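All remarks here apply to the structure that follows.
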Protein chains: 2
Amino acid sequence: MSELAEDGTSTSGGEAGVTRGGRRGDLFDPTCATRKLLDRIGTKWTSMVVKVLAAAGELRFTELRGRIPGVSQKMLSTTLQNLVADGLVARRVEHTVPPRVFYRLTPLGDSLEVPLAALREWAERHMPEVDAARADVRRAAES
Amino acid sequence: MSELAEDGTSTSGGEAGVTRGGRRGDLFDPTCATRKLLDRIGTKWTSMVVKVLAAAGELRFTELRGRIPGVSQKMLSTTLQNLVADGLVARRVEHTVPPRVFYRLTPLGDSLEVPLAALREWAERHMPEVDAARADVRRAAES
DNA sequence: CAGCATCCCCCACGATACTG
DNA sequence: CAGTATCGTGGGGGATGCTG
């Protein structure tokens with residue numbers, strides 16, 4: 001297994017620093033697959049959508065909304081579009097009146113659910129410790 | 001980084017008072033330990049720092065910088081502070097001239113590395129499929 | 001060397017309104 | 001019902017300069 005796969009990116013160098021005047025279509029990409037993935041699942045609702053779909057199998061837009069408290073329809077829509085574009089979620093439309101749209105995980109999405117579930121388990125198991133550590137630091141900083 | 005200090009504890013004279021703007025009804029989902037975690041590791045450099053520290057054991061600030069292409073001093077500093085505050089990274093200072101500061105994973109941080117590595121493996125294995133799906137969608141949208 | 005302080009840009013996200 | 005279009009904002013994050 002290869003580790004440290006990321007190449008240099010050459011952030012410093014001749015061609016960087018165009019940032020200030022405004023640049024078009026740049027690619028700042030370090031080709032780090034993990035970071036790209038984390039950028040995706042790190043967006044606020046993505047992991048939750050995946051989780052809910054993994055648990056429920058197939059859901060309609062509104063059902064999804066109902067199971068994800070606090071999400072706006074815009075963000076749910078955007079999140080789903082991204083997931084569909086990424087090939088993680090399949091979208092099925094029934095052209096009735098009113099229309100019904102179903103979402104479910106693709107096999108790829110299902111395979112992502114595995115490491116994601118592991119992360120969830122870690123979170124539920126260890127986040128209390130993290131919070132305790134934070135509280136600790138806060139107290140130390142105040143005195 | 002996300003917030004986390006919703007408890008006021010305004011030490012009169014301190015700098016609490018996050019109340020500006022007044023957010024109502026936050027704290028929705030009970031299952032969002034995961035989301036909090038993803039907010040953390042979803043920040044641009046966190047997972048990379050954890051990875052590098054997991055591989056190297058203990059590193060100084062500059063060494064860390066050298067192994068994470070593209071990171072700015074400010075963001076590395078911020079990231080490390082958060083990781084230390086979260087109890088995932090330990091900070092050790094040698095009060096010499098010039099000073100030397102070492103960072104290494106705590107046992108807690110090490111335990112996080114496990115699911116994180118699983119996620120990395122998924123990414124390296126399946127991100128090509130994700131990218132292919134994206135390209136596919138693009139082509140479909142163009143015609 | 002390690003790291004704050006400052007400025008500023010960009011974009012994820014929320015609220016609201018409208019459509020097929 | 002299942003979205004799109006538009007506007008506004010907070011804060012993540014890059015660049016640069018200064019300090020102990």
Side-chain angles (χ1 to χ4, degrees), chain A residues 9 11-13 16-26 28-30 35 38-49 59-66 68-84 89 91-103 141, chain B residues 1-5 15 18-26 28 35 38-49 59-66 68-84 89 91-103 141:
Chain A
T9 312
T11 358
S12 52
V18 196
T19 326
R20 201 175 310 188
R23 60 190 174 192
R24 63 277 154 100
D26 94 303
F28 212 63
D29 198 281
R35 204 161 79 187
L38 279 167
D39 279 350
R40 303 263 166 91
I41 66 177
T43 61
K44 198 165 187 179
W45 306 105
T46 308
S47 61
M48 204 162 269
V49 168
L59 290 175
R60 290 206 278 155
F61 189 87
T62 308
E63 292 173 331
L64 220 31
R65 259 198 97 175
I68 304 178
V71 70
S72 65
Q73 75 289 48
K74 176 196 164 186
M75 285 321 294
L76 181 56
S77 186
T78 304
T79 301
L80 285 168
Q81 282 171 21
N82 283 322
L83 286 170
V84 169
V89 164
R91 184 177 187 269
R92 181 170 64 87
V93 185
E94 278 184 13
H95 294 281
T96 58
V97 178
R100 313 173 74 191
V101 182
F102 296 86
Y103 293 92
Chain B
M1 292 300 149
S2 48
E3 71 289 351
L4 170 69
E15 49 165 299
V18 196
T19 341
R20 211 172 60 134
R23 26 193 307 158
R24 68 269 151 102
D26 45 358
F28 284 112
R35 204 163 78 188
L38 279 167
D39 280 350
R40 304 264 168 91
I41 66 177
T43 60
K44 199 166 186 179
W45 305 105
T46 307
S47 61
M48 204 162 269
V49 168
L59 289 175
R60 290 208 280 156
F61 190 87
T62 308
E63 291 173 330
L64 221 31
R65 259 197 99 174
I68 305 178
V71 70
S72 67
Q73 183 283 319
K74 173 192 163 188
M75 285 321 294
L76 180 55
S77 187
T78 304
T79 302
L80 284 169
Q81 282 171 21
N82 283 320
L83 285 170
V84 169
V89 165
R91 183 178 187 270
R92 180 170 63 87
V93 185
E94 278 183 14
H95 293 280
T96 58
V97 179
R100 314 174 76 196
V101 182
F102 295 87
Y103 294 91

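From a predicted model like this one, the values you see are computed outputs, not experimental measurements. Here is the naming used below: chain letters follow the sequence lines, and residue numbers restart at 1 for every chain.
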Can you name the atoms? Protein N/O to nucleotides 6-8 of chain D N/O, anything below 3.5 Å, with the distance.
none

[X] has a side chain; which of [options] sits nearest to it?
X: A:Arg60; options: D:dG14, D:dA2, C:dG14; answer: D:dA2
X: B:Met75; options: C:dG20, C:dC1, D:dG13; answer: D:dG13
X: A:Pro99; options: D:dG3, C:dG20, D:dG20; answer: C:dG20
X: B:Thr43; options: D:dG3, C:dG14, D:dG13; answer: D:dG13
X: B:Pro98; options: C:dC1, C:dG3, D:dA2; answer: C:dC1
X: B:Ser77; options: D:dG3, C:dG3, D:dA2; answer: C:dG3

Return the [atom1] to [atom2] distance between [X] and [Y], rounded to the nearest 0.5 Å.
X: B:Phe102; Y: B:Arg92; atom1: CZ; atom2: CZ; result: 5.0 Å
X: A:Gln81; Y: A:Leu76; atom1: CD; atom2: CG; result: 10.0 Å
X: A:Trp45; Y: B:Arg35; atom1: CH2; atom2: CZ; result: 4.0 Å
X: A:Thr62; Y: A:Arg100; atom1: OG1; atom2: CZ; result: 10.5 Å
X: B:Ile41; Y: B:Thr79; atom1: CD1; atom2: OG1; result: 13.0 Å

Between [N] ([atom2]) and [X] ([atom1]): distance, integer Å:
X: B:Leu76; N: D:dG12; atom1: CG; atom2: C1'; value: 15 Å
X: B:Leu80; N: C:dC1; atom1: CG; atom2: P; value: 17 Å
X: A:Arg92; N: D:dA2; atom1: CZ; atom2: C1'; value: 15 Å
X: A:Tyr103; N: D:dC1; atom1: OH; atom2: C1'; value: 11 Å
X: A:Glu94; N: D:dA2; atom1: CD; atom2: P; value: 10 Å
X: B:Arg40; N: D:dG12; atom1: CZ; atom2: C1'; value: 15 Å
X: A:Ile68; N: C:dC13; atom1: CD1; atom2: P; value: 13 Å
X: A:Leu64; N: D:dC1; atom1: CG; atom2: C1'; value: 14 Å

(request) Evaluate the criterion side chain to side chain contact (heavy atoms under 4.5 Å, CB included) for residue pair A:Phe61 and A:Leu80; output intermediate values, then yes/no. (result) CA-CA 9 Å; A:Phe61 189 87; A:Leu80 285 168; 3.9 Å; yes

(request) Apply salt bridge (Lys or Arg N to Asp or Glu O under 4.0 Å) to A:Arg60 and list each qualifying residue two or more places apart in sequence or on a separate chain. (result)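 A:Arg60 satisfies salt bridge (Lys or Arg N to Asp or Glu O under 4.0 Å) with no residue once adjacent residues are dropped.
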
(message) Here's a test of your reading of the structure: between A:Gln81 and B:Ser72, which maps to the more 5' nucleotide of DNA chain D?
(response)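 With A:Gln81 and B:Ser72 compared, the 5'-side residue is A:Gln81.
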
(message) Classify A:Arg65 by what it touches in the nucleic acid, base, sugar-phosphate, or nothing, heavy-atom distance under 4.0 Å.
(response)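 Counting heavy atoms under 4.0 Å across all strands, no contact is made by A:Arg65.
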
(request) Return no unless some side-chain N or O of A:Thr78 is found under 4.0 Å from OP1 or OP2 of C:dA12. (result)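 For A:Thr78, the contact criterion (side-chain N or O under 4.0 Å from OP1 or OP2 of C:dA12) is not met.
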
(message) Any N or O donor-acceptor pair under 3.5 Å from the base of C:dG3 to the side chain of B:Gln73?
(response)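 Yes, a donor-acceptor pair under 3.5 Å.
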
(request) Report the residues that fulfil side chain to side chain donor-acceptor pair (under 3.5 Å) with A:Thr46, sequence neighbours left out, ordered by chain and then residue number. (result)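 For A:Thr46 the side chain to side chain donor-acceptor pair (under 3.5 Å) partners, ignoring immediate neighbours, are A:Thr43.
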
